[in-house]
Each structure stands twice: as structure tokens, then as C-alpha cells.
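A short write-up of the structure that comes next.
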Number of protein chains: 2
Amino acid sequence: MDKKYTIKDIAKMAGVSKGTVDRVLHNRGKVSPAALDKINEVLNVIDYEPNLIARNLKNTKIYRICVLLPDPEIDSYWLPCINGIQEAITEFKAYGVVIETHYFNPESKKSFLSTNQTIIKQSPDAVLIAPLFHKETLEIVKQYDELEIIVNTFNNQIESESIKSFVGQDLYKSGRVAASLMSLILTEGQIAIIHIDESLKNAVHMQEKEKGFRNYFDEKKIADFSLTTLKLKHPNVETKFSAFLEENSNLKGIFITTSKAYQIAAILSSLKDKKIALIGYDLVEKNVNFLNQGLVHFLIHQNQTRQAYLGVSTLAEHFLFRKDIPETILLPIDIINVENASFYVS
Amino acid sequence: MDKKYTIKDIAKMAGVSKGTVDRVLHNRGKVSPAALDKINEVLNVIDYEPNLIARNLKNTKIYRICVLLPDPEIDSYWLPCINGIQEAITEFKAYGVVIETHYFNPESKKSFLSTNQTIIKQSPDAVLIAPLFHKETLEIVKQYDELEIIVNTFNNQIESESIKSFVGQDLYKSGRVAASLMSLILTEGQIAIIHIDESLKNAVHMQEKEKGFRNYFDEKKIADFSLTTLKLKHPNVETKFSAFLEENSNLKGIFITTSKAYQIAAILSSLKDKKIALIGYDLVEKNVNFLNQGLVHFLIHQNQTRQAYLGVSTLAEHFLFRKDIPETILLPIDIINVENASFYVS
DNA sequence: TTAAATAGTGTGTTCGAGCACATTTTTATT
DNA sequence: AATAAAAATGTGCTCGAACACACTATTTAA
């Protein structure tokens, strides 16, 4: 019933040689109608699926996949990606898939462009990139397209005909999730939406989250809340935020659209009397620490590990097993609090 | 650097034949100290990893894995497992792994035992079972052990030396997660912990969740809450619960320890004025409907699909790639509300 | 000293798909 | 009818690990 049929089996059943069966299976032509009929008849009865192991054994071609992401030493947000990539390396090594990771400086468009040139020199079969810069990405994607190199993206979504796939999260909806949690903690008062980033590369990213967050409160028509947006940048996060705090004594909640919630939590921890609800992103160590201390109430898990893994593995499986590359893979928006955090940190 | 070495490569480098290399790699003896030294020298320099594809191609052995779980037609809780198992079937079919699913009647210990006998007759290499009945499980596990059939379990944890692995959730902690969410929705009042089940097979299951739930409130020392436990069983869920509602007018929240939250939600939906917080388990369709209607506030996702998939895949990978079977795999306790539910329902 | 036993080594085959190439059969052309 | 051309079909090798088996060299027992 579930017997595994081989080409040889089919050949015997149809009374032809395996070469003829092979030609039929691959539409290589040079087959008489009589033989074609006989073989098709057999194929209709049995359920033939080629043995992928044997197929890949013969295949001596080495598939090259390059991954391009910001240097995790500059922005630790990207650190988990390494694990996801490593996982894929281990899994597909045996099949002759070589995966190379390249880093660029997230502060520098030039670095992004030049690293892409380095990758092109490697002439990979596919690339997976974190497209931080919109215009520059479109530029280099065109180059990859001309060289027939498949381009996948993750984390940041960019629209382009030449991009085969995107792995990431629905940021708008994740903003809504944050808002739904915030409205559970608070009943009224002022809520600040804070964008903290070393540089402002992630503008679109953060705005989508803000839109979703605001939309939730708009929709619910809860007039008891007032929402304020605040942008903070590296050297003067503390001074600016402290000033903001003093000016807004009715502040009850903060939604931080990046993984830097710990910076705000650190400042709040020194103010004993303040009870402010904090919701942020990502299970970076410092965030989890503040979660355990009770200063951060919820974190939304963006699961970069899995983003990177899926980005690479869909490519590898495309080459090896001829699987389709899904256009978009949206990862679930995991809600993390102090009680379930330990199950998500790998 | 990342070159893939074959046995032939090693043989050439060490100046011996591939047969000798093979004997060294598998400790099959019959190798002179001189040859051993030469080969070990080469092995220390290069990083040899056998090609798993080639290894499994030769291996014509068919591995049999039987999965035993309650009939999803009797209890739809188990329905998602089928998808997880199907996924594993597809993935490992090419490697000669045959996976068979067997159902038993969750109401009947006799059915559990007899289905196990049917499985034993198939003489599988391993089984994955949902051990609903404690005593009976220990009994049949002993039989499997004598026949050298590997036993894995999922969903329900049972302690036994002969059980190699468990895939599931930390139920105690999931109770705590539920409590943490409940204490966010409510500030005071009475909370009911309701155990609903067709039969009372899952006693331990439900109790663990209750313990965690209660422990959270005990720990937080919030005196404003009072917790009551209620057990409901099939024919008279509605009547009993209605009576309970009338007697307890201060009821503010309900924690349902099984996947039957929709039964309570349905009753509550007819009572317009009541505003009761509802937290339950599992993304069964009816639960998600009430989540979308706003009658259920949170669901905890037990991810049976993945439980079943992992239970089988660890076994398959053990046979095929000689991977270790992890003793316990605890799946994350996913928190679901109306905003992120769509990403979890497959 | 010779036969038998054992240690050590190498060769050859298998798994299934895929493809190059050799061989046979059919059709077209003069 | 003879020959060339084209079409159809079959054979045989490859990939890498695994293992059976054959073979040589050395040791042991009679």
C-alpha cells in the first residue's frame, strides 16, 4: 500500500527500460506513444515519488546562499539571527549547501552597498538580506535579478517584483497587540509611544507599529487615553526622556517600538514612586531582566532566530527538494510576560 | 576550509584503502597500529562528517513508528495532532520511515490496552503515545521495553524509566500564566476555576493547571480575590453552571482548565449584563469564535500539532541521523488574544 | 616443516536517480 | 532496395557510505 516504488519497479511493470521511464518522468521526449501509454498507465495506478536522497546524492552541485544582516556587535538586536543561520548550516551541510554570513554597518548605507558587492563577487545562488535601506535595496536587488540570483528578505518588508520572499511579522498588527495589552493594564491616562534607535533606519518599521497601536485605541473609542509620540536618539535618551517625564505627570504607560525598552526601564527604576506600564519588543537579555523585575510588563517576541532560519531554509529546500518559495511568511506575534518568558529564550 | 571530505579522500591522504578507513571509523577492529595512527592523524587535521544522504540511501531498513492517541472524533481536542503527524509522514517518507496512527476511545481503558496490543503486533521500532491512563500506561510500557520498542509520550507526562521522552507543556506554569493574565483583567472579586471534561481522564492535567493558577494568587498575596473550584461533566454542564452563577453573584472571572471554554462562553453570551473575564485553553474553532466576539479574553495555546510533530520527528531523526532523543521538550506557553489569534490557527 | 588459523588490507557491490552514450528500430530519401 | 537519417530504447556509470568477501601476510599449532 505505502510501498515505495522506484524507477526500476515502474520500468519492469511497464515492460520498458528505466531510461524510457526516466524520459517520461522528465518530459525529455524521444518516447513512442505506445511506451508513453504503458508507463502512464502504471503511473496512474501507483503513487510514485522520487527518492530525494538518491537524487541529491548524485547532485554534486554546491548551492551557495549568502545572508546579509547588520553587524550584531553594533546592534545586538541581530544576535539571535546567528543561531537561526547556524541551525540551517548544520541541517543542510550534508546536502552541499554552503551558507555564508556577511555583516554590514547599520549606520552606513555605503557599508550596505559595498557588502552587497562582496556578496555578488561570491556569485551565490541566492541571498537573504535584511533590507534596512529602502532605496539602496531596490538598487542592489536589480543587480541580483540580472545575475539571476534569488533574493529573499527578512525582518523588513520591501515591495519589489524581484524579491521572491519575505519572512517577518505584521508590524501593524503587532502594534495592535501591544495596544490591546496596554488597554488591559490601564484604564485611563496618558500613553507615550517611544521610538528609540541608534539611528533612524527603522523609521518605517516603527511607524507601522505606532499606526497599529494608535488604530486600536481609535477603534475602541476610549476617550480616557491620550497618546503622545516621542523620538529618542542615542546620546540624549536619558535627558530628553527625563524632561518628558517631568512635563507629563499623568503618564501611565509607555510603548517602545524597538528592542531598547531596557533603556527606559533603567531610567524608571530609579524613580520609586512612578508606576508606569511598559510594553516593548524582543527578548534581549536586558529586557528580560527588567521583565523579571516587574518593570517591563510585556514584551512582543519578534523571533529573529526563526526569521533567519526560515529565510535560509526555504531557499535551501527550494534548491534541494524543488519546493516553492512562499511569498510571505508571517511569524506569530508572541506575547511574553514574566510567567512564560523562560520558554522563549533559547 | 568547509570542504566536504569523503572516506575516499581520507583513504588517499592516509595512504590506505577505504575499507581500512571504514573499519577505523566504526571501530570494527582488524586494523594495524600503524594504519590506525596514519588515519587518526588525518582525522585530527580534517573535519570529517559522514554524508548522511549516502548513508541513508544504502540503508534499506524501514523504520516503523506507531502513534497512539484518543480518537479525534470522540474528543476534537486531538484533531490538530493529525496535521502534525501528517507533516512528519511527508518529511520522512523518503527515508523509509513508516508512521501509522492508531486511535483509542478516551473513555475506555480497555480500548487503550487493546489498541496497544494491536500496535505491538505491528512490531514497530518506536511508539509515541498520549498516555491518558496512568496505571495502564506503566503496564504496557513495560511490555514495549521488553520488546525493545522505544516509547515516547506527549501531552500527558508520566514518570517511568522506560519512557525515553516527553513532549508537552509545563501545566503548572501554564496555570500561572493564566493567573497572571486574570490578575491583569480583574482587580478584585470571585474567580472560578472550572474543570470541564467529557470524562475525568485528565484529572492530573487539570489539577496541575489549578495548582499553578492558585499558586500565583497565593504568592502575590492579593486578598481581594477568592478562588472557587467547580467540576462540570457532560450532561449537566449548563444546569450546574447556571446554578453556580446564581449563587455567586460576585463572580468576576473564570479559568477553564480544558479546551471546553466555549461551553461556558455560550452560556454567558445569553446573559447580557454579566461582565465576566474568561480564560481557557486551545484554539479550537468554537473557542476562537468566542474570542473574536469578545466573550473569551485569553486562550492558552497548547499547540498539539507541534507536540505530535516533535514527538514523531525526534524518533525519526534518532533512527536516521542517530540524533539523541531529548528527555523532555517543553513547548512555549503561547498567550492568545483576539489580536494575535489569526497567526496561530493553521 | 607444513597446515591451519588469524590478523590485516583491499576490492567490489549495493542503494535510486539522473544522465551520457551505445544500440536497436523505424522512417525518409534517392 | 539500399542507405542515410532520425527516432526510440536500453545500458552503464556516477554520487558516498556500508559492508561482504576475497586476498595477502603473519602467527600459531601439530
Side-chain angles (χ1 to χ4, degrees), chain A residues 2-40 42-43 46-63 92-98 319-322, chain B residues 2-40 42-43 46-63 92-98 319-322:
Chain A
D2 234 13
K3 184 185 176 337
K4 286 197 313 179
Y5 292 95
T6 71
I7 286 189
K8 229 165 133 187
D9 292 328
I10 299 171
K12 199 187 286 176
M13 284 189 265
V16 295
S17 75
K18 70 195 181 91
T20 308
V21 176
D22 182 72
R23 273 180 289 266
V24 171
L25 288 172
H26 294 86
N27 289 317
R28 271 198 255 279
K30 313 241 171 185
V31 175
S32 69
L36 186 73
D37 282 351
K38 280 190 292 181
I39 293 168
N40 273 332
V42 174
L43 287 177
I46 65 151
D47 188 23
Y48 173 70
E49 285 204 20
N51 185 325
L52 298 178
I53 305 167
R55 172 184 286 170
N56 283 302
L57 176 63
K58 180 62 203 296
N59 201 1
T60 48
K61 163 145 182 62
I62 285 174
Y63 296 100
F92 295 109
K93 193 179 164 187
Y95 294 89
V97 177
V98 174
F319 291 131
L320 297 174
F321 310 129
R322 309 180 185 189
Chain B
D2 235 12
K3 183 183 176 339
K4 287 196 313 179
Y5 292 94
T6 70
I7 285 189
K8 228 165 135 188
D9 292 329
I10 299 171
K12 199 187 283 174
M13 284 189 264
V16 295
S17 76
K18 69 196 178 90
T20 308
V21 176
D22 182 72
R23 274 181 288 268
V24 172
L25 288 171
H26 294 84
N27 290 317
R28 270 198 256 277
K30 315 241 172 186
V31 175
S32 69
L36 187 74
D37 283 351
K38 280 190 292 183
I39 293 168
N40 273 331
V42 174
L43 287 176
I46 65 153
D47 188 23
Y48 173 71
E49 285 203 20
N51 185 324
L52 298 179
I53 304 166
R55 173 183 286 171
N56 284 302
L57 177 62
K58 182 61 205 299
N59 201 0
T60 47
K61 163 145 181 60
I62 286 175
Y63 295 100
F92 296 108
K93 193 178 164 188
Y95 294 88
V97 177
V98 174
F319 291 130
L320 297 174
F321 310 129
R322 307 179 187 191

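When reading the values below, keep in mind they use all heavy atoms of this one structure, side chains included, and skip hydrogens, waters and symmetry mates. Residue numbers begin at 1 in each chain, while the letters A, B, ... track the order of the sequences.
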Have a look at B:Asn51 and say if it touches a base, only the backbone sugar-phosphate, or nothing, with a 4.0 Å heavy-atom cut-off.
-> sugar-phosphate
What nucleic acid atoms does B:Leu57 come within less than 4.0 Å of, heavy atoms only: base, sugar-phosphate, or nothing?
-> base
B:Ser32 vs C:dA7: side-chain N/O to OP1/OP2 distance below 4.0 Å = no
Within less than 4.0 Å of OP1 or OP2 of D:dG16, is there a side-chain N or O belonging to B:Tyr48?
-> no
Do other residues, nucleotides or ligands put more than 12 heavy atoms under 6.0 Å from the NZ atom of A:Lys61?
-> yes
Closest-nucleotide ordering on DNA chain C, the 5'-leading residue of A:His26 and B:Leu36 | B:Leu36
Nearest-nucleotide 5' precedence on DNA chain C, A:Gly19 against B:Ala34 | B:Ala34
Rounded to the nearest angstrom, tell me the gap between atom [atom1] in [X] and atom [atom2] in [N].
X: A:Lys18; N: C:dT23; atom1: NZ; atom2: C1'; result: 16 Å
X: A:Lys8; N: D:dG10; atom1: NZ; atom2: C1'; result: 14 Å
X: A:Leu320; N: C:dG18; atom1: CG; atom2: P; result: 13 Å
X: B:Ile10; N: D:dG16; atom1: CD1; atom2: P; result: 12 Å
X: B:Arg55; N: C:dG16; atom1: CZ; atom2: C1'; result: 19 Å
X: B:Ile39; N: C:dG10; atom1: CD1; atom2: P; result: 9 Å
X: A:Leu52; N: D:dC15; atom1: CG; atom2: P; result: 21 Å
X: B:Asp9; N: D:dA17; atom1: CG; atom2: P; result: 8 Å

Can you tell which of [options] lies closest to the side chain of [X]?
X: B:Thr20; options: C:dT9, D:dA18, D:dT9; value: C:dT9
X: B:Ala35; options: C:dT9, C:dA17, D:dA17; value: C:dT9
X: B:Ser17; options: D:dA18, C:dT9, C:dA17; value: C:dT9
X: A:Val16; options: D:dC19, D:dG16, D:dG10; value: D:dG10

Does a distance-only test, which skips hydrogens and angles, find a donor-acceptor pair under 3.5 Å between the side chain of [X] and the base of [N]?
X: A:Arg23; N: C:dG18; value: no
X: A:Lys58; N: D:dG16; value: no
X: B:Arg28; N: C:dG8; value: no

With a 6.0 Å cut-off on ring centres, are B:Tyr48 and B:Tyr5 close enough?
-> no
What class does the angle between the rings of A:Tyr95 and A:Phe321 fall in, given that below 30° is parallel, 30 to 60° is tilted and above 60° is perpendicular?
-> perpendicular
Are A:Val31 and A:Thr20 close enough, and set up right, to give a side chain to side chain contact (heavy atoms under 4.5 Å, CB included), and what steps lead you there?
-> CA-CA 7 Å; A:Val31 175; A:Thr20 308; 4.2 Å; yes
side-chain contact (heavy atoms from CB on, under 4.5 Å), paired with B:Val16, selected from B:Leu36, B:Val21, B:Ile10, B:Val24 = B:Val21
Between B:Asp37 and B:Ala34, is there a donor-acceptor pair closer than 3.5 Å when you use the side chain of the first and the backbone of the second?
-> no
